[in-house]
Amino acid sequence: MAPDSCCCSPAAMQRRLPILAWLPDYSLQWLKMDFIAGLSVGLTVIPQALAYAEVAGLPPQYGLYSAFMGCFVYFFLGTSRDVTLGPTAIMSLLVSFYTFHEPVYAVLLAFLSGCIQLAMGFLRLGFLLDFISCPVIKGFTSAATVTIGFGQIKNLLGLQNIPRQFFLQVYHTFLNIGETRVGDAVLGLVCMVLLLVLKLMRDHVPPVHPEMPPGVRLSHGLVWTATTARNALVVSFAALVAYSFEVTGYQPFILTGETAEGLPPVRTPPFSLTTANGTTSFAEMVQDMGTGLAVVPLVGLLESIAVAKAFASQNNYRIDANQELLAIGLTNVLGSLVSSYPVTGSFGRTAVNAQSGVCTPAGGLVTGALVLLSLDYLTSLFYYIPKAALAAVIIMAVAPLFDTKIFGTLWRVKRLDLLPLSITFLLCFWEVQYGILAGTLVSLLILLHAMARPKTQVSEGPVLVLQPASGLHFPAIEALREAILNQALEGSPRRCAILECTHVCSIDYTVVLGLGDLLEDFRRQGAALVFVGLQVPVLRTLLAADLKGFQYFSTREEAENHLQQDPGTQPYNSCGDPVPEHKVALLKAPAR
């Protein structure tokens, strides 16, 4: 056994515990950069977590309960130095769909999602995510962006008693637009403008050079800190304004209100729910969440791995997708012990982490510690945060997720991909699971159609040459057979044909039967069909099938010479001729 294949070898241990790969080389310089990055992400995640709890339909403290476990788990198990795990807008939206705004359901969903993700990681089933195409992902994220963004309009305008279902929400928002609270609307718009200005400043701050004077470097550092922590800055500003009005006895804003103080208790996830109407059993809770048990873990994995791959490519390192599955699965399982709802990788906070110069996943320790400190000491101050300010944070956070260029890009590149994109986008406004499922099915149908009807290049002449442009699988054989018969045997005079199989890397038993029937068709018509460019696995399969009249050549020229009755050229195998020794060895060789 090779050393690396042993489960206890250093390489295997480093794959399972990636911390062992970078911790021995940890330096003071890395510590400084990780501390700065962790602080920056912490100042970003605290206001976002409070806001995303609102999207999930849960009390604000649940956003913070969900924001720290991923930091500690990923420190040990993560393979990307940039990724931060925690609550996200899309995951919060899914939680609101499947947990009925009930914390007990949300915590149980985190536990079950984590178990499913861990199972997928151990079984190395990450490849299943490859069947969700980019147009489906774009359609889902764009629809989620619209749903989340519009869902915050009610808080931005101070409207109350607005339903959460999207179409009803749109209707009642416009119906009650006259009840807009001026204070909330003004504060919300001011917060959005401030966030936009600070973001533009962040994007245009020139890099610091060592030759700059100390004063210039200091000013750059202050601007960078203020713009990076813009969410915390704007929310603090809004809370200060609200507190000032509270002192005067007049409150023009709707406030977040009481937030449970202290750290969450450590306890097992709830497997039943007791209410005034009775007890809901575990089986009934699972039945209530329904397709959420498939949608939530899959979307969580998809979002996290997409973020990890994007930043790994950008910063020139590699990630282990199956290890990422284990990291996010364990995060959700352990998070459920501290009342977390399902989490995943956050693109926005990961970008902050990368731009802050993070060197290792140790930056997450600072972020997690900051969240725990805020839970222990700052929850009383969250009372004064206006909901309009949190709505502004959410809208500005999700706006970049809407890809306005994707429609034009697909129109230029491949218009057929607009079909799964549009179906996913539209159906996600009705039910998320239907949108993702329908879009994925349409994408698979497009893929299967391409497999069932592969393009075939035809070269006319005394000898007909047909070259399938892709592999041959059982749905395609009948169409290929009809095409060859129509081209070679239907006209007059009948022509021999060459099947150029350079692009065919594998065939199945149905294809073998179809090719046998095709050879018989040619034999009855007094014509010949020969094969060229057979790859080793295909040749082995056809030799094993022992098809009557099967002949193959190494080059197209040899095949044409044979069919035009050049006596100097003989096929490698034909009916009645012995199989050459090297072909016997090929046939006897074990399939790989």
Worksheet item: Within a reach of under 6.0 Å around CD of Q251, are more than 12 heavy atoms found that belong to other residues, nucleotides or ligands?
Response: yes
Item to complete: Could you give me the CA-CA distance, side-chain angles and deciding distance for L64 and L50, then say whether side-chain contact (heavy atoms from CB on, under 4.5 Å) is met?
Response: CA-CA 7 Å; L64 295 173; L50 294 170; 3.9 Å; yes
Worksheet item: Taking atom CZ of F35 as the centre, does the number of heavy atoms from other residues, nucleotides or ligands within less than 6.0 Å exceed 12?
Response: no
Practice prompt. Please state whether the rings of F347 and F311 are parallel, tilted or perpendicular, taking 30° and 60° as the class boundaries.
Written response: tilted
Discussion item. Just checking F72 against F76, ring centres under 6.0 Å apart?
Written reply: no
Discussion item. With a 6.0 Å cut-off (strictly less than), is the heavy-atom count around CZ of F166, excluding the residue itself, greater than 12?
Written reply: yes
Fill in: Under 3.5 Å side-chain donor-acceptor pair for N332 and S113
no
Worksheet item: Has F174 got more than 12 heavy atoms of other residues, nucleotides or ligands less than 6.0 Å from its CZ?
Response: no
Worksheet item: Please walk me through it: do T424 and F140 pass side-chain contact (heavy atoms from CB on, under 4.5 Å)?
Response: CA-CA 6 Å; T424 305; F140 164 65; 4.1 Å; yes
Discussion item. So that I know where these two stand, are Y317 and W22 an aromatic pair - ring centroids less than 6.0 Å apart?
Written reply: no
Worksheet item: Atom CE in M69, atom CG in L372: separation rounded to 0.5 Å?
Response: 9.0 Å
Item to complete: For the pair F111 and F271, name the ring-plane relationship: parallel under 30°, tilted 30 to 60°, perpendicular over 60°.
Response: perpendicular
Worksheet item: Do the ring planes of Y434 and W430 sit parallel (below 30°), tilted (30 to 60°) or perpendicular (above 60°)?
Response: tilted
Discussion item. For the aromatic rings, using the six-membered ring if either is Trp, is the centroid distance between W411 and F407 under 6.0 Å?
Written reply: no
Practice prompt. Using a cut-off of 6.0 Å, state whether more than 12 heavy atoms not belonging to Y171 lie near its atom OH.
Written response: no
Worksheet item: Within a reach of under 6.0 Å around CG of D203, are more than 12 heavy atoms found that belong to other residues, nucleotides or ligands?
Response: yes
Practice prompt. Inspect the surroundings of CZ in F100 and state if more than 12 heavy atoms from other residues, nucleotides or ligands are less than 6.0 Å away.
Written response: yes
Discussion item. Go through it in stages, so that I can follow the logic: the residues are L298 and M120, the test is side-chain contact (heavy atoms from CB on, under 4.5 Å), and I'd like the CA-CA distance, side-chain angles, deciding distance and then a yes or no.
Written reply: CA-CA 10 Å; L298 284 177; M120 291 182 67; 4.0 Å; yes
Worksheet item: Quick one: do the N155 and D184 side chains pair a donor with an acceptor below 3.5 Å?
Response: no
Discussion item. My understanding is that only one of T180, L189, N176, V182 makes a side chain to side chain contact (heavy atoms under 4.5 Å, CB included) with L157; could you say which?
Written reply: T180
Worksheet item: Do you see a donor-acceptor pair shorter than 3.5 Å between the side chains of E324 and T79?
Response: yes
Worksheet entry | Minimum-distance pair of heavy atoms, taken over all atoms of W224 and R202 | NE1-NH2, 2.9 Å
Worksheet item: So does F131 have more than 12 non-hydrogen atoms from other groups sitting under 6.0 Å from CZ?
Response: no
Fill in: Check: E261 side chain, T379 main-chain N or O, donor-acceptor pair, under 3.5 Å
no
Discussion item. Ring centroids only, cut at 6.0 angstrom: are Y341 and Y62 within range, meaning strictly under it?
Written reply: no
Practice prompt. Might you point out which heavy atoms bring L156 and G188 nearest each other, and give the distance in Å?
Written response: CD1-CA, 3.6 Å
Practice prompt. Look up atom CE in M289 and atom CD in E284, then write down how far apart they are to the nearest 0.5 Å.
Written response: 12.0 Å
